[in-house]
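The analysis underlying the following values was restricted to heavy atoms, covering all of them including side chains, and did not include hydrogens, waters or symmetry mates. All of these numbers come straight from a predicted model, not from anything done at the bench.
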Amino acid sequence: MGDPKGFLTTPREDWPRRPVEERVRDWDEVFVPGALLPIVSRQADRCMDCGIPFCHDACPLGNLIPEWNDLVSRGDWRAASDRLHATNNFPEFTGRLCPAPCEAGCVLAINQPAVTIKNVEVAIADRAWSDGFAPPSPPDRLSGRRVAVIGSGPTGLAAAQQLTRAGHTVAVYEKDDRLGGLMRYGIPEFKMEKHHLERRVEQMRAEGTRFRTSTAVGRDVGAAELRARYDAVVLAVGATAWRDLPLPGRELAGVHQAMEYLPLANRVCQGDVEVSPLSAAGKHVVIVGGGDTGADCLGTAVREGAASVTQLDIYAQPGAERDEDSEPWPTYPKIYRLSAAHEEARDLESAPAADADARLFAASTLHFTGDAGGHVRALHLVEVDARRRPLPGSGRTIPADLVLLALGFSGPDREDGLVDQLGLALDPRGTIARDADFATNVPGVFAAGDAARGQSLIVWAIAEGRAVAAAVDRCLTGATQLPAPIGPYDRPMAV
């Protein structure tokens, strides 16, 4: 540890965000450029170098957090980069997008604000790129085995990079026109600018990974044909079958899924279209769903110039502190958090019908009503108790010209025919069934990520990619030196 008394003398200081009025006028990342490095070494000094670092277990990647905290506090950025990349293929992604369960498991968090682990991580990753500490790492020799990875989200990319570095010839198939999965067409630019993604893809190309975009396996290429062409296939197609809300008025124009809306905003930023066909400009927007996807819709609608934006959350507003009885340390607690998007909505007073940060908690949608032309104009809701029972007399109506459903995902999308063509077994949740070696019921076919685990966090996605790569390497060669940070049945720490 760089400063044995750092956790006693230095308060927590987070990466500052740009002023709200400035950042909502563009799509750049919300943080102040260059403001992290002056504070991150002092923040790394707050790490206690505990005897049992629970942050390791809280992170499925097993990141060596006390080690790279110590190296950053000493200014050894190259060594810090080496330790960080030893467990994480894409720390610039997780440092921006992960909700940081590691910080919930920080020993310091028992009675103080946790170490800013996520900020230290992204600082190391960005410094690694700027100082040339992340060169391509091609294999010394090829194994002669060929692997297809279907899906280029964080799971697919992590699996592909690990297998390529192990010497296998890897081709990644992506149905969209660009690589990245939901990181490309789902995560708004203000949360992660896409040049971070492009940089990693180019590194992987230099290492030997091949990419096939605009190719939907099951539709553009037969699944059985692809299986016959490769020694192994990794399914990392994500859980993109969205949950719907079958209520009266769902058929009205203007009621859309969040993942119909968000990719169009990404395409505007990419220059594919000038204005999104579903732009929120001048509209009263209601987002149904209180999770991160809903918050992404909120920030996007604010930037598009919505007349108002309201986000509905069926759960009651959580408290500001951890409930030690139901969610004791070091589990990840459900507490009140103010994302950048909610801060923007609060400061701009974007939701006059809602609470200060645009969220209506304990709110359940009843139905939608529209105008004579069949377009949605209002959402009818009711307040609910902790068991989701309607509270008498609490019904209300709020204006809605655009309704976005952000209710999560239930499993892989079956429209392309991949699941049926391969004859894959599914579990009761609708996700792809697999055994303890990540193998499906089809020989040579493996499943990883949200497609098999169910909707989860980006750190779990990358951990799945690294683990399935080890399983595939072992299957193809009889042994492996690739790390497997998790098993297919591992779950986050819980009571």
Side-chain angles (χ1 to χ4, degrees), residues 99 242-262 278 280 283-302 304 306-321 323 326-327 333-371 375-410 455:
W242 51 57
R243 295 190 179 97
D244 214 315
L245 193 62
L247 296 175
R250 171 62 180 89
E251 75 285 352
L252 292 168
V255 182
H256 295 276
Q257 289 284 345
M259 293 313 300
E260 294 175 308
Y261 171 72
L262 289 172
L278 297 182
K283 298 176 182 176
H284 297 289
V285 181
V286 181
I287 302 158
V288 183
D292 287 343
T293 301
D296 292 344
C297 291
L298 174 64
T300 299
V302 166
E304 290 180 335
S308 69
V309 194
T310 306
Q311 184 180 8
L312 307 184
D313 191 333
I314 200 168
Y315 296 102
Q317 180 172 338
E321 302 292 335
D323 185 333
S326 61
E327 298 174 313
K334 183 177 178 60
I335 60 174
Y336 178 80
R337 295 179 173 88
L338 191 70
S339 72
H342 293 117
E343 180 186 46
E344 292 156 8
R346 179 197 66 189
D347 290 2
L348 299 176
E349 299 181 351
S350 298
D355 297 327
D357 63 4
R359 283 177 281 194
L360 275 177
F361 290 97
S364 178
T365 306
L366 295 175
H367 63 277
F368 312 102
T369 53
D371 57 21
H375 198 286
V376 68
R377 293 302 177 207
L379 181 146
H380 304 261
L381 61 86
V382 66
E383 295 178 25
V384 295
D385 62 17
R387 299 175 63 181
R388 302 189 186 181
R389 296 174 301 190
L391 298 178
S394 65
R396 57 189 293 195
T397 301
I398 55 178
D401 306 313
L402 176 62
V403 175
L404 301 173
L405 306 179
L407 302 170
F409 307 90
S410 59
Q455 185 179 355

How far does CD of E304 sit from CG of L402, to the nearest 0.5 angstrom?
8.5 Å

R377 charged N/C atom sitting above F368 aromatic ring, 6.0 Å / 45°:
no

Any side-chain heavy atom of V309 within less than 4.5 Å of one from E344?
no

Quick check for you: to the nearest 0.5 Å, what is the distance between L278 atom CG and H256 atom NE2?
4.5 Å

Nearest heavy-atom contact between P399 and V286 is O-CG2, 3.6 Å

Side chain to side chain contact (heavy atoms under 4.5 Å, CB included) partner of L407, the single match among I314, T293, V288:
V288

What do the steps show when you test V376 against H284 for side chain to side chain contact (heavy atoms under 4.5 Å, CB included), and what is the final call?
CA-CA 10 Å; V376 68; H284 297 289; over 6 Å; no

Distance from R337 atom CZ to D357 atom CG, nearest 0.5 Å?
13.5 Å

I need the R243 CZ to S410 OG distance, nearest 0.5 Å.
6.0 Å

Output the distance between atom CG (L312) and atom CD1 (I398), rounded to the nearest 0.5 Å.
5.0 Å

Mark yes or no for whether E383, through its side chain, and L391, through its backbone, hold a donor-acceptor pair below 3.5 Å.
no

Just by distance, do the side chain of D323 and the backbone of E327 share a donor-acceptor pair under 3.5 Å?
no

Check the surroundings of atom OH in Y336: do more than 12 heavy atoms from other residues, nucleotides or ligands lie under 6.0 Å from it?
yes

Here the gap from L262 atom CG to Q257 atom CD, rounded to the nearest 0.5 Å, amounts to 11.0 Å

Close side-chain approach of E260 and L405, heavy atoms under 4.5 Å
no

Side-chain touch S364/P390, heavy atoms, less than 4.5 angstrom
no

Between H342 and Q311, does a side chain to side chain contact (heavy atoms under 4.5 Å, CB included) hold up when you go through it step by step?
CA-CA 10 Å; H342 293 117; Q311 184 180 8; 2.8 Å; yes

